[in-house]
Participant: 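Just passing along the structure, written as structure tokens.
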There are 2 protein chains.
Amino acid sequence: MDAGSRREFERRKQASTGQLLLRAARLLNERAVGRVRDEGQPDLRPVHLALMPHLDMEGTRATVLAARMGITKQGVSQIVADLEQMGIVERRPDPGDGRARLVCFTRRGEASLLHGLGVLERLESELAVGVGETRMQRLRQGLVALLVELEKPA
Amino acid sequence: MDAGSRREFERRKQASTGQLLLRAARLLNERAVGRVRDEGQPDLRPVHLALMPHLDMEGTRATVLAARMGITKQGVSQIVADLEQMGIVERRPDPGDGRARLVCFTRRGEASLLHGLGVLERLESELAVGVGETRMQRLRQGLVALLVELEKPA
DNA sequence: CCCAGTTAGTAAAGTCACTTGACTATATCA
DNA sequence: TGATATAGTCAAGTGACTTTACTAACTGGG
């Protein structure tokens, strides 16, 4: 390969947006989970934290959670099983449908969620200091717009 | 829980930036890999695509790749083994250091990279149509700034 | 009103993208 | 010339899922 096309290669080879996204996501979630753990929930893993914001206070079905999270219902089932064992959620029969069960927070789970949300808010505002409020805001907006695009089928 | 704190909960419970990042990353990479596969590299997985942009044309050590990708050298070793078997990279002894080996593209690998980069560029510019050029640009800038912040230790 | 077909969920095994731990071969520095 | 550090590999383990296969409950058309 000659020097010219080598330079051309290098120019185009900067990390793709996909790689940037992945790396940022990993680092951010890692840091968030690290803090929650340090503050007294040592068994909590990223997925657990990821499910919580999708839970409605009246309880939510596994299929609905799956749709909101973009994963399979079986995946949800596993995460919920963990959270149940930790005493954070419980599964109650759905009064209107005998097949379904409503996943909802226990009393302890509500406290846990509240705490987790606090950690997240603090972490993000700390990062915003370095990144800049405006840029952080725009990053979020861009993400939301991109997700809309990506969620269109095909 | 009373109605007031319930509303308060719901307001704060929007998905965190971390979740948005993760979801966008997954969807975007999935789509990119899908296309590369359709266009003739059926064994290629997201990690393989992720390593390639970090490979210099003169060859790169596994430890360097690990640092660039933010994973362990053992992780790199596995990805490289896959790529080697596909005939995309090869491992050459490092002339200056008997312990080290340089991972570099084969001739076929260069063509493969070129093709992959093309797919990525097309995909991103397609998405930019829906998202908006400016917003896409700002998204990237935000990501880069956020990564700088997240890579600061602690 | 009953049975075919959908829908909610669970269970088990497999996969991908890693990490941890243990080890060998080479290099460097005191 | 060791003691230690560095580059890499091998094997096993883990987290976050998916796929396949199933049961139990609901629903709608004849």
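Naming convention: chains lettered A, B, ... in sequence-line order (proteins, then strands); numbering from 1 in each chain.
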Participant: Using whole Å, what does the distance between atom C1' of nucleotide D:dG15 and atom CD1 of A:Ile71 come to?
Facilitator: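 From A:Ile71 CD1 to D:dG15 C1': 12 Å.
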Participant: Treating A:Ser125 as the side-chain partner and A:Glu121 as the backbone partner, does any N or O pair qualify as donor plus acceptor under 3.5 Å?
Facilitator: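 A pair under 3.5 Å: yes.
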Participant: Rounded off to whole Å, could you give me the CG-to-P distance for the A:Leu22 and D:dC17 pair?
Facilitator: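 About 12 Å, once rounded to whole Å.
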Participant: For A:Glu39, give me all partners under side chain to side chain donor-acceptor pair (under 3.5 Å), at least two apart in sequence or on another chain.
Facilitator: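 In terms of side chain to side chain donor-acceptor pair (under 3.5 Å), with neighbours along the sequence ignored, A:Glu39 is linked to A:His115.
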Participant: To the nearest angstrom, how far is A:Glu30 atom CD from C:dA17 atom P?
Facilitator: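 In whole Å, C:dA17 P and A:Glu30 CD are 18 Å from each other.
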Participant: Give the table of side-chain donor-acceptor pairs shorter than 3.5 Å for residues 131-139 of chain B, with sequence neighbours excluded, one pair per line with atom names and distance.
Facilitator:
residue, atom, partner, partner atom, Å
B:Arg135, NE, B:Val131, O, 3.3
B:Arg135, NH2, B:Val131, O, 3.4

Participant: How close or far is atom C1' of D:dA16 from atom CE of A:Met69, stated in whole angstroms?
Facilitator: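 Between C1' of D:dA16 and CE of A:Met69: 10 Å.
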Participant: Please set out all donor-acceptor pairs under 3.5 angstrom arising from side-chain atoms of residues 91-100 of chain A, sequence neighbours excluded.
Facilitator:
residue, atom, partner, partner atom, Å
A:Arg91, NE, A:Glu84, OE1, 3.1
A:Arg91, NH2, A:Glu84, OE1, 2.9
A:Asp94, OD1, A:Gly96, N, 2.8
A:Asp94, OD2, A:Arg61, NE, 3.2
A:Asp94, OD2, A:Arg61, NH2, 3.0
A:Asp97, OD1, A:Arg99, N, 3.0
A:Asp97, OD1, A:Arg99, NE, 3.1
A:Asp97, OD2, A:Arg99, NH2, 2.8

Participant: For a quick check of understanding: with a heavy-atom distance under 4.0 Å over all strands, which category does A:Gly75 fall into, base, sugar-phosphate or nothing?
Facilitator: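 Since a base atom lies under 4.0 Å of A:Gly75, the category is base.
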Participant: Measure all distances between protein nitrogen or oxygen atoms and nitrogen or oxygen atoms of nucleotides 1-3 of chain D, and list the pairs falling under 3.5 Å.
Facilitator:
none

Participant: Atom CG of A:Asn29 to atom C1' of D:dG15: distance rounded to whole Å?
Facilitator: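 My rounded result for the distance is 13 Å.
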Participant: Check the distance between D:dA16's C1' and A:Arg26's CZ and give it to me in whole angstrom.
Facilitator: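 Result: 13 Å.
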Participant: Can you measure A:Ile79 atom CD1 to D:dT14 atom C1' for me and round it to whole angstrom units?
Facilitator: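 Distance, rounded to whole Å: 15 Å.
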Participant: Can you find a donor-acceptor pair, distance only, under 3.5 Å between B:Gln78 side chain and C:dT19 base?
Facilitator: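 Between C:dT19 and B:Gln78, which were checked side chain against base, a qualifying N/O pair under 3.5 Å is present.
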Participant: To the nearest 0.5 angstrom, please state how far the CG atom of A:Leu51 sits from the CD1 atom of A:Ile79.
Facilitator: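 Answer rounded to 0.5 Å: 5.5 Å.
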Participant: Just by protein heavy atoms under 4.0 Å, how would nucleotides 5-11 of chain C read 5' to 3' in B, S and -?
Facilitator: --BBBBB
Participant: Which residues satisfy the side-chain contact (heavy atoms from CB on, under 4.5 Å) test with A:Arg108, sequence neighbours excluded?
Facilitator: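 side-chain contact (heavy atoms from CB on, under 4.5 Å) check on A:Arg108 returns A:Gln41, A:Thr106.
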Participant: Can you list everything that forms a side-chain contact (heavy atoms from CB on, under 4.5 Å) with B:Leu147? Sequence neighbours excluded, please.
Facilitator: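 B:Leu147 satisfies side-chain contact (heavy atoms from CB on, under 4.5 Å) with A:Leu20, A:Arg23, A:Ala24, A:Leu27, B:Glu151 once adjacent residues are dropped.
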Participant: Could you work out, with side chain to side chain donor-acceptor pair (under 3.5 Å) as the rule, every residue matching B:Glu90, not counting sequence neighbours?
Facilitator: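 B:Glu90: no side chain to side chain donor-acceptor pair (under 3.5 Å) contacts found.
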Participant: B:Leu44 CG to C:dA17 C1': how many Å, rounded?
Facilitator: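 Atom-to-atom, B:Leu44 to C:dA17, this comes out as 14 Å.
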Participant: Would you please name every residue forming a side-chain contact (heavy atoms from CB on, under 4.5 Å) with A:Glu126, sequence neighbours left out?
Facilitator: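 Expected list: A:Arg35, A:Arg122.
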